[in-house]
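Beneath this line is the structure, given in structure tokens, with notes to follow.
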Amino acid sequence: INIILEKDNNTYRSFYNALLHEGYRDHAALLEDGIPAISSGNGKSSMDGMISYVKTILCEGGVPQRPVVFVTRPKLVDAIKQKLRCLGNDPGWVTVYGMAGCGKTVLTAEALRDHQLLEDFFPGGVHWISVGKQDKAGLLIKLQNLCSRLEHDSTLSQRPPLNIEEAKDRLRLLMLRKYPR
């Protein structure tokens, strides 16, 4: 706790969200009153506020951090951003594909590091899921986790879905009603 208190407000928010998303809701509830508002104040420039906003949104959504060894590929990142912007207000998908290890995750995460893109097209935040090859039990766990993350602020505490079909139905309703964009 002392380390968290020495850091900035985003560290506190990230810690709170980690507790919330990892099943420590009772502990998170104890910290809820102290959650600092996201702002670009405190004498920082508006650029610092934008960077802080992006970091917070991506961290809360589980988007992977930039790797230590990072090679910029602006044309590919811009292509992903453009495809995301093309979705506009219409629901849809952007699929990034390629062989294992070619950088799909890094490129997509980098495209999401754009403040304007997040603000305009992802007002509810981003929820990142890595699925890969999963057996049915592993897939159900991923779907249950996503349901929990998306329902975290719901007044009704629902039990986790018991099977993949139930999880798909719940996610479909959540996406249509609560997260249409």
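What you see is a predicted model, and the numbers here were worked out from it, not measured in a lab.
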For this session: Decide salt bridge (Lys or Arg N to Asp or Glu O under 4.0 Å) for Asp169 and Arg172; before the verdict, give the C-alpha distance in whole Å, the side-chain angles of both, and the deciding distance to 0.1 Å.
Result: CA-CA 5 Å; Asp169 289 343; Arg172 184 179 305 111; 2.7 Å; yes

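- The distance from the NZ atom of Lys136 to the CG atom of Leu143 is 12.0 Å, given to the nearest 0.5 Å.
- If you take CG on Leu84 and CG on Leu112, they are separated by 6.5 Å, rounding to the nearest 0.5 Å.
- Here the closest heavy-atom approach between residue Gly125 and residue Ile57 is recorded as CA-CG2, 4.0 Å.
- Between Val106 and Arg66, the closest side-chain pair of non-hydrogen atoms is not below 4.5 Å.
- Linking Ile, Leu, Val, Met, Phe, Trp and Tyr residues whenever their side-chain heavy atoms come within less than 4.5 Å leaves Phe70 and Val96 in two separate clusters.
- Of all heavy-atom pairs between Lys104 and Tyr97, the closest is CD-C, 3.4 Å.
- The number of heavy atoms from other shown groups lying within 6.0 Å of OH (Tyr24) does not exceed 12.
- Minimum heavy-atom separation, Arg85 to Leu117: CG-CD1, 3.7 Å.
- For NZ of Lys142, the number of neighbouring non-hydrogen atoms (other residues, nucleotides, ligands) closer than 6.0 Å is greater than 12.
- Closest of all the heavy-atom pairs between Pro161 and Cys147 is CG-SG, 3.8 Å.
- Within 6.0 Å of CD in Gln65 there are 12 or fewer heavy atoms belonging to other residues, nucleotides or ligands.
- Distance check, rounded to the nearest 0.5 Å: OG1 of Thr72 to CD of Glu110 gives 7.0 Å.
- Looking at Glu60 and Thr56, their side chains come closer than 4.5 Å, going by heavy atoms from C-beta outward.
- In this structure, CG on Asp135 lies 8.0 Å from CD1 on Ile141, to the nearest 0.5 angstrom.
- The shortest distance between side-chain heavy atoms of Phe121 and Gln116 does not fall below 4.5 Å.
- Using a 4.5 Å heavy-atom threshold, the side chains of Glu166 and Asn163 count as touching.
- For the atom pair His127 NE2 and Leu174 CG, the distance stands at 9.5 Å (nearest 0.5 Å).
- Contact annotation: the side chain of Leu139 approaches that of Ile164 to within less than 4.5 Å [non-hydrogen atoms, C-beta and beyond].
- Side-chain atoms of Trp128 and Leu58, non-hydrogen and from C-beta on, never get closer than 4.5 Å to each other.
- Minimum heavy-atom separation, Arg25 to Ser148: NH2-OG, 3.1 Å.
- The two atoms that bring Asp114 and Val54 nearest to each other are C-CG2, 4.4 Å, heavy atoms only.
- In this structure, Lys81 contributes its side chain and Ala111 its backbone to no donor-acceptor pair below 3.5 Å.
- Of the inter-residue distances, the one linking Leu31 atom CG with Leu19 atom CG reads 6.0 Å to the nearest 0.5 angstrom.
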